[in-house]
Engineer: 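I am attaching a structure below and will ask some questions about it afterwards.
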Amino acid sequence: MTAIDDVKEEIWQWVAAIPPGKVATYGQIARLAGIPNKPRMVGTVLNHLPAGSKLPWFRVINSAGRLSSPSADRQQQHLADEGVHLLNGRINLKLYQWDA
DNA sequence: TGTTTGACGGACA
DNA sequence: CTGTCCGCCAAAC
């Protein structure tokens, strides 16, 4: 097990912990996972999730409240199902950000 | 093995 | 508001 694998697991754990109806930013997850200043790693890890993963990857958005995922389409739909809606293409973090 | 990319974020123009 | 620049670093090439 390399250090990078440990980081991946930390990220998986924290993402899995995001409550339904709430969202977290890449930077937030990075800090929680112990890798502040490396938010890109979160995106990289989520991008490599295996196709049947149960992780709520759609609850992770960028600090601007926008969806930077390649599949922002599905992501928006999943979020809407939980009551998290975009207003003018943005999510109100003040209202929906998970306060871990 | 060297270089480029990118699901980020914050500072600045 | 939009756009650029930089630090960051695993993956992809």
Engineer: With a 4.0 Å cutoff (strictly under), does any side-chain N or O of A/His48 reach OP1 or OP2 of C/dA12?
Structural biologist: yes
Engineer: When the distance from CG of A/Asn47 to C1' of C/dC9 is rounded to whole Å, what number comes out?
Structural biologist: 15 Å
Engineer: Of A/Thr44 and A/Asn37, whose closest DNA chain C nucleotide lies nearer the 5' terminus?
Structural biologist: A/Asn37
Engineer: What nucleic acid atoms does A/Ile4 come within less than 4.0 Å of, heavy atoms only: base, sugar-phosphate, or nothing?
Structural biologist: sugar-phosphate
Engineer: If each of A/Arg66 and A/Lys38 is mapped to the nucleotide of DNA chain C with the nearest heavy atom, which maps nearer the 5' terminus, i.e. the 5' end?
Structural biologist: A/Arg66
Engineer: So what does A/Asn62 touch, heavy atoms closer than 4.0 Å: a base, only the sugar-phosphate, or nothing?
Structural biologist: sugar-phosphate
Engineer: Given the P atoms of B/dT5 and C/dT4, what is the spacing between them in whole Å?
Structural biologist: 16 Å
Engineer: Let me know the distance between CG of A/Leu67 and P of B/dG9, rounded to the nearest Å.
Structural biologist: 12 Å
Engineer: Mark yes when over 12 heavy atoms from residues, nucleotides or ligands other than A/Asp5 sit less than 6.0 Å from its CG; otherwise mark no.
Structural biologist: yes
Engineer: Mind checking A/Thr25 for me? I need base, sugar-phosphate or nothing, with any heavy atom below 4.0 Å counting as a touch.
Structural biologist: sugar-phosphate
Engineer: For the pair made of CG in A/Asp5 and P in C/dA10, what is the distance, rounded to whole Å?
Structural biologist: 11 Å
Engineer: Measure from CD1 on A/Ile35 to C1' on B/dG9 and round the result to the nearest Å.
Structural biologist: 13 Å
